[in-house]
Amino acid sequence: MIQTVSVFAVPFMICGIVFWGLFRRINVYESFVEGAKSGLESTFRIVAPLVGLIVGIYMLRASGALDMFASLISPITDFFDIPADVLPLALLRPVSGSGSIAIVNDIFKNCGPDSLAGKIASVMMGSTETTFYTIAVYFGAVGIKSARHTAKAALTADVVGMIMSIVAVRLML
Amino acid sequence: MLNYIWSGMILVSIVVGVFSGRLEAVTAAAMDGAGAAVEMCVGLLGVMCFWSGLAKIAENSGLTKAFAKLLSPVTRLLFPKIKKDSKAMNAIVLNMVANLLGMGNAATPLGIAAMKELDKENGHRATASNEMCMFVVINTASIQLIPSTVIALRQMFGSQNPSEIIFPVWVCSVCAVIMGVCAAKILEKRRKLL
């Protein structure tokens with residue numbers, strides 16, 4: 001069931017969007033090309049930060065620092081039976097979007113996307129956001145000085161999302 | 001913040017590299033990583049273009065507005081104090097739909113527009129209103145129907161079933177949003193507006 005929903009989601013979405021466009025009589029193809037151009041721009045925009053952050057993560061990995069960190073936290077990760085590789089992702093996710101993509105890249109490269117760590121990293125990445133960046137952008141835009149309980153509530157959501165990604169992968173995949 | 005994280009990453013790897021005698025590997029990894037980053041972006045380029053193109057169709061055909069109607073019972077529940085057809089509510093709903101459909105480029109300007117409307121209703125104070133906090137919390141736990149970047153990355157690294165994560169992602173995001181909303185509701189009562 002779960003597999004079916006996941007497999008059908010993408011084609012259904014593509015089909016739905018295109019048919020809705022035809023139904024509303026807009027030029028579907030022109031809109032598509034126009035949007036695709038903006039995709040080009042936004043991808044180019046992340047090249048520079050990604051070079052910086054993937055270099056950082058790869059260096060950490062090669063120096064052995066990531067493994068040291070993993071063995072340091074292994075009492076906790078072993079206790080909950082989660083792969084130690086995903087913990088750096090959980091820590092960096094709320095702070096940096098490019099940084100977390102860099103870690104996911106590292107996990108996929110070292111463990112593979114279909115390993116337990118790879119699956120958890122995928123779900124974690126897909127279900128959480130760059131919390132602090134979002135808070136800064138939105139409150140910054142309207143000159144709010146005190147965001148009150150926003151960070152606490154948002155981090156609660158992040159923690160739940162992360163714990164749930166471990167649970168969901170174990171139960172569903 | 002990223003300033004310190006990034007420099008920390010570099011410094012720690014050099015220092016650890018010296019002590020573990022893997023300094024050469026660290027240098028090689030730096031060059032390797034720089035190449036890998038560009039490789040990854042090139043690999044993602046096509047998929048990003050594809051989804052941005054679809055998002056534009058959704059935007060131009062008014063699919064966002066159709067979705068917005070479906071969402072209105074939820075938004076009324078989340079923002080009881082904001083009038084149904086006000087500018088603020090309109091911007092909030094459109095931002096939520098843009099996030100759902102993965103229209104990252106469109107979502108942020110819409111979100112800022114929503115914040116500006118909420119700011120008016122808040123009397124331009126420097127302290128966030130309950131509605132603003134709620135709106136930002138929902139945005140930080142954004143639900144995306146198709147997590148296209150992750151799926152593309154999985155495919156690049158040769159996953160057997162790149163899209164199998166979609167359903168688990170939905171479950172996790174929904175749980176996260178619900179808990180975030182509850183946390184916001186509880187915390188807003190504890191600390192009264194200044």
Side-chain angles (χ1 to χ4, degrees), chain A residues 2 5-6 9-10 13 17 20-21 24 26 28 31-32 34-36 38-40 42-43 47 50-51 54-56 58-60 62-65 96 105 108 113-114 122-123 125-127 129 131 134-135 138 141-142 144-150 152-154 156-157 160-161 164-165 168 172, chain B residues 2 6 9 12-13 16-17 20 22 25-26 29-30 32-34 36-37 41 45 48-49 52-58 60-61 63 105 112 115 119 126-128 133 136-137 139-142 146-147 150 154 157 159-160 163-169 171-173 175-176 179-180 183-184 187:
Chain A
I2 292 162
V5 172
S6 295
V10 175
M13 181 98 165
I17 290 176
W20 182 264
R24 296 298 297 267
I26 63 153
V28 182
S31 303
F32 177 82
E34 186 193 341
S38 74
L40 216 60
S42 47
T43 312
V47 174
L50 269 180
V51 168
I54 291 191
V55 164
Y58 276 28
M59 282 171 81
L60 277 180
S63 70
S96 161
N105 178 299
F108 284 2
D114 292 328
S122 309
V123 177
M125 187 71 198
S127 59
E129 254 287 334
T131 302
T134 311
I135 292 178
Y138 283 169
V142 289
I144 292 287
K145 297 268 171 2
S146 160
R148 295 166 67 219
H149 54 271
T150 310
K152 271 189 200 166
T156 309
V160 171
M164 277 306 295
S165 18
M172 295 175 185
Chain B
L2 215 51
W6 188 70
M9 280 170 37
V12 167
S13 16
V16 175
S20 63
R22 295 195 206 165
V26 175
D32 191 25
C41 290
L45 198 55
M48 297 296 266
C49 286
S52 309
L54 284 180
K56 196 75 196 176
I57 299 178
N60 289 352
S61 63
L63 185 63
N105 289 331
I112 289 173
M115 284 301 278
D119 187 44
T127 306
C133 295
V136 174
V137 168
N139 257 283
T140 63
S142 84
I146 310 287
V150 185
R154 289 171 59 78
F157 281 88
S159 164
Q160 293 299 311
S163 55
E164 69 177 346
I165 55 147
I166 292 178
F167 191 76
V169 163
V171 173
C172 294
S173 327
C175 290
M179 287 308 291
L187 290 169

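As a basis for the values below, the full set of heavy atoms in this structure was taken, side chains included, without hydrogen atoms, waters or symmetry mates. Proteins get letters first, then strands, A, B, ... in listed order; numbering begins at 1 in each.
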Q: Quick one: of B:Met48, B:Met179, B:Arg154, who has the most non-hydrogen atom pairs under 4.5 Å with chain A?
A: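 Highest number of heavy-atom pairs under 4.5 Å: B:Arg154.
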
Q: Hey, are the side chains of B:Val171 and A:Met172 touching, using non-hydrogen atoms and a 4.5 Å cut-off?
A: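 Yes - at least one pair of side-chain heavy atoms lies under 4.5 Å apart.
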
Q: Please state whether the side chain, the backbone, both or neither of B:Ala184 comes within less than 4.5 Å of a heavy atom of chain A.
A: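 Its backbone and side chain both get close to chain A.
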
Q: Report the residues that fulfil ring pair (Phe, Tyr, Trp, His ring centres under 6.0 Å) with A:Trp20, sequence neighbours left out, ordered by chain and then residue number.
A: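 Per chain and number, A:Trp20 pairs via ring pair (Phe, Tyr, Trp, His ring centres under 6.0 Å) with A:Phe23.
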
Q: Using a cut-off of under 4.5 Å for heavy-atom pairs, which of B:Ser173, B:Ala183, B:Pro147, B:Ala126 has the most such pairs with chain A?
A: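 If we count pairs closer than 4.5 Å to chain A, B:Ala126 comes out on top.
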
Q: Who passes ring pair (Phe, Tyr, Trp, His ring centres under 6.0 Å) against B:Phe157, sequence neighbours left out?
A: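 Applying ring pair (Phe, Tyr, Trp, His ring centres under 6.0 Å) to B:Phe157 gives A:Phe108.
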
Q: Only pairs of heavy atoms separated by less than 4.5 Å count here; which of B:Thr140, B:Ile166, B:Leu54, B:Val137 has the most with chain A?
A: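 Of the options given, most contacts go to B:Thr140.
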
Q: For A:Ser63, is there any backbone N or O sitting under 3.5 Å from a side-chain donor or acceptor partner on B:Ser20?
A: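 Yes, the answer is positive, given that a donor and an acceptor are paired below the 3.5 Å cut-off.
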
Q: Hey, is the main chain of B:Phe167 close enough, under 3.5 Å, to the side chain of A:Ser6 for a donor-acceptor pair?
A: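 It does hold such a pair.
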
Q: Please name the pair of heavy atoms, one in A:Ala147 and one in B:Ala128, separated by the smallest distance, quoted to 0.1 Å.
A: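 That would be CA-CB, 4.2 Å.
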
Q: Would you confirm whether B:Asn60, through its side chain, and A:Ser31, through its main-chain N or O, come within 3.5 Å as a donor-acceptor pair?
A: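 Such a contact is absent between B:Asn60 side chain and A:Ser31 backbone.
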
Q: Are the side chains of A:Arg148 and B:Leu187 in contact, using a 4.5 Å heavy-atom criterion?
A: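 Heavy-atom side-chain distance check fails, nothing below 4.5 Å.
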
Q: Can you tell which of B:Ala141, B:Pro168, B:Gly180, B:Ala34 has the highest number of heavy-atom pairs within less than 4.5 Å of chain A?
A: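 So the answer, after comparing B:Ala141, B:Pro168, B:Gly180, B:Ala34, is B:Pro168.
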
Q: Take B:Glu164 and A:Asp114 through the test side chain to side chain contact (heavy atoms under 4.5 Å, CB included) and record every step on the way to the result.
A: CA-CA 10 Å; B:Glu164 69 177 346; A:Asp114 292 328; 4.1 Å; yes

Q: Does any backbone or side-chain atom of A:Ser42 lie under 4.5 Å from a heavy atom of chain B? Answer side chain, backbone, both or neither.
A: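 A:Ser42 touches chain B through side-chain heavy atoms alone.
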
Q: If you count heavy-atom pairs within less than 4.5 Å of chain A, which of B:Ile165, B:Leu2, B:Ile146, B:Ile57 leads?
A: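 With the most close heavy-atom pairs to chain A, the winner is B:Ile57.
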
